[in-house]
Amino acid sequence: MAKLNKAYEERETTRLRELMKDPRYWKKKDPAYVDMVRQGFQNLYDNPPPEALAAEGKAANQIGINGQNHGQDTVVAHVTPGEIVIPLSAQTPQLMEYLSQALGDDILKYTVGSGHEQENPTSGLPAFADGYKDRFANNSSYYFGGEDKPFKWHYEDRDAKNDYLPENVKDARKFGSRWEEMPAWQNKFHDNGRGKLERKFVNPDGREAIYDGDTGKLVTDPKLRGTYNYTNAPRWDTGNMNQKKIGRFIREGIGHTVKDIIPYTLLGNDR
């Protein structure tokens, strides 16, 4: 028996039960009428229409909506404009590690087929409503932190995430290290103006470390030290750029500017 769209099943069952209340069914037992109701229940489970199978995405494949190249799309779901669906090919270990840190166990709520998705109460289809909406968009205390700690997300939250940093350049450059040194032009916010230019290293997980240009030691000055990046600064791979990489460079650049550079410019690096 095919798995039905829950909302369709409830709607059709209710309709058939209403038909059963008619005197032609329970009192007169009109053969044609009784057969119509019986056939309705039989069709519901043995020969459901395409829309009844939408919960598994079968309808789109069966009637050709997906086309020849998208037969792997077997789930129909509710999504919101602006949400980004990350294809399997783009789910790198680094990206998934970041998402796991950002969402915690709730990442399963946003994973298709995990069994932990939300369910739209009207259609019965999987839904991925923003569970963080109250935390980010509608909760001003997240942005402004309340009277005791305004802009907590920019100060305390960044500090908490930007931990366990290599003590010096030598450690940051050890073989197998995920730390990567950034070009000098991306380090202007952290230079102390004395001696050699400070050196900036970033980690794929968003952490950032600044090292004294003369001593190679980790900078801890609150005004100049590294800060956690909600979106890392992009790298321009000279001589090896294509349309896809350029698009990613632009997206990451916008994200870094909005989430990190502008807040730093307006709020500084420390209270």
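What you see below is based on every heavy atom in this structure, not just the backbone, and it leaves out hydrogens, waters and symmetry mates. Being a predicted model, the structure only gives us computed values, none of them experimental.
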Are side-chain heavy atoms of Ile262 and Leu266 found at a separation under 4.5 Å? yes

Could you please spell out the steps behind the side chain to side chain contact (heavy atoms under 4.5 Å, CB included) verdict for Asp159 and Glu156? CA-CA 5 Å; Asp159 288 347; Glu156 284 77 16; 5.7 Å; no

Between the main-chain N or O of Thr227 and the side-chain N or O of Asn269, is there a donor-acceptor pair closer than 3.5 Å? no

Taking Asn229 for the side chain and His256 for the main chain, is one N or O donor matched with an acceptor at less than 3.5 Å? no

Sort and list the pairs that fulfil ring pair (Phe, Tyr, Trp, His ring centres under 6.0 Å) and have at least one residue in residues 191-224, not counting sequence neighbours. Phe201-Tyr211

Do Thr13 and Leu16 pass the side chain to side chain contact (heavy atoms under 4.5 Å, CB included) test, and can you show the C-alpha distance, the side-chain angles, and the key distance before you say yes or no? CA-CA 5 Å; Thr13 300; Leu16 292 171; 5.9 Å; no

Do Glu167 and Lys217 have side chains that get closer than 4.5 Å, going by heavy atoms? no

Side-chain touch Glu180/Pro204, heavy atoms, less than 4.5 angstrom: no

Once rounded to the nearest 0.5 Å, what's the spacing between atom CG of Asp157 and atom NZ of Lys152? 3.5 Å

Answer yes or no: is there a donor N or O on one side and an acceptor on the other, between the side chain of Tyr230 and the main chain of Val258, under 3.5 Å? no

Indicate, with yes or no, if Met182 and Tyr228 share a hydrophobic cluster defined by side-chain heavy-atom contacts under 4.5 Å among Ile, Leu, Val, Met, Phe, Trp and Tyr. no

Please determine whether residues Trp185 and Ile210 belong to a single hydrophobic cluster, defined as Ile, Leu, Val, Met, Phe, Trp and Tyr linked transitively by side-chain heavy-atom distances below 4.5 Å. no

Would you say Val219 and His190 make side-chain contact, with heavy atoms under 4.5 Å? no

Run the salt bridge (Lys or Arg N to Asp or Glu O under 4.0 Å) test against Glu252 and tell me which residues pass, sequence neighbours left out. none

Should Arg225 and Thr220 count as side-chain neighbours, where that means a heavy-atom distance under 4.5 Å? no

Looking at every non-hydrogen atom in both residues, tell me the closest pair between Ala172 and Pro166 and how far apart they are. N-CB, 3.8 Å

By the salt bridge (charged side-chain N to carboxylate O under 4.0 Å, His left out) test, which pairs, at least two apart or in different chains, include something from residues 203-216? Lys200-Glu208, Asp205-Arg207

Looking at residues at least two apart in the chain, or sitting in another chain, which of them share a side-chain contact (heavy atoms from CB on, under 4.5 Å) with Val34? Tyr25, Arg38

Is there a donor-acceptor pair closer than 3.5 Å between any side-chain N or O of His154 and the backbone N or O of Gly268? yes

What I'd like to find out is whether the side chain of Phe41 reaches to under 4.5 Å of the side chain of Glu12, using heavy atoms alone. no

Between Gly213 and Glu198, the two heavy atoms sitting closest are N-OE2, 3.0 Å

Atom CH2 in Trp153, atom NZ in Lys259: separation rounded to 0.5 Å? 10.5 Å

Can you confirm whether Lys245 is buried at NZ, in the sense that more than 12 heavy atoms of other residues, nucleotides or ligands lie under 6.0 Å from that atom? yes

Testing the basics here: between Ala184 and Leu197, what is the closest heavy-atom pair and its distance to 0.1 Å? CB-CD2, 3.4 Å

Interatomic distance, CD@Gln42 vs CG@Asp35, rounded to 0.5 Å, equals 9.0 Å

Is a side-chain N or O of Asp260 found less than 3.5 angstrom from the main chain of Thr231, in a donor-acceptor match? yes

Check the pair Leu218, Asn168 against side chain to side chain contact (heavy atoms under 4.5 Å, CB included), reporting the backbone distance first and the verdict last. CA-CA 5 Å; Leu218 183 68; Asn168 51 59; over 6 Å; no

Residues Arg24, Asp22: salt bridge by 4.0 Å N-O rule: yes

Do Asp30 side-chain atoms and Tyr33 backbone N/O form a donor-acceptor pair below 3.5 Å? yes

Side chain of Trp26, backbone of Lys21: donor and acceptor closer than 3.5 Å? yes

Connecting only ILVMFWY residues whose side-chain heavy atoms lie within less than 4.5 Å of each other, what is the rest of Ile261's hydrophobic cluster? Phe189, Tyr264

Which heavy atom in Pro234 sits nearest to a heavy atom in Phe249, and how many Å separate them? CB-CD1, 3.5 Å

For atom CZ of Arg17, decide whether the heavy atoms of other residues, nucleotides or ligands shown that lie under 6.0 angstrom number more than 12. no

With sequence neighbours left out, what residues match Asp171 under salt bridge (Lys or Arg N to Asp or Glu O under 4.0 Å)? Lys174

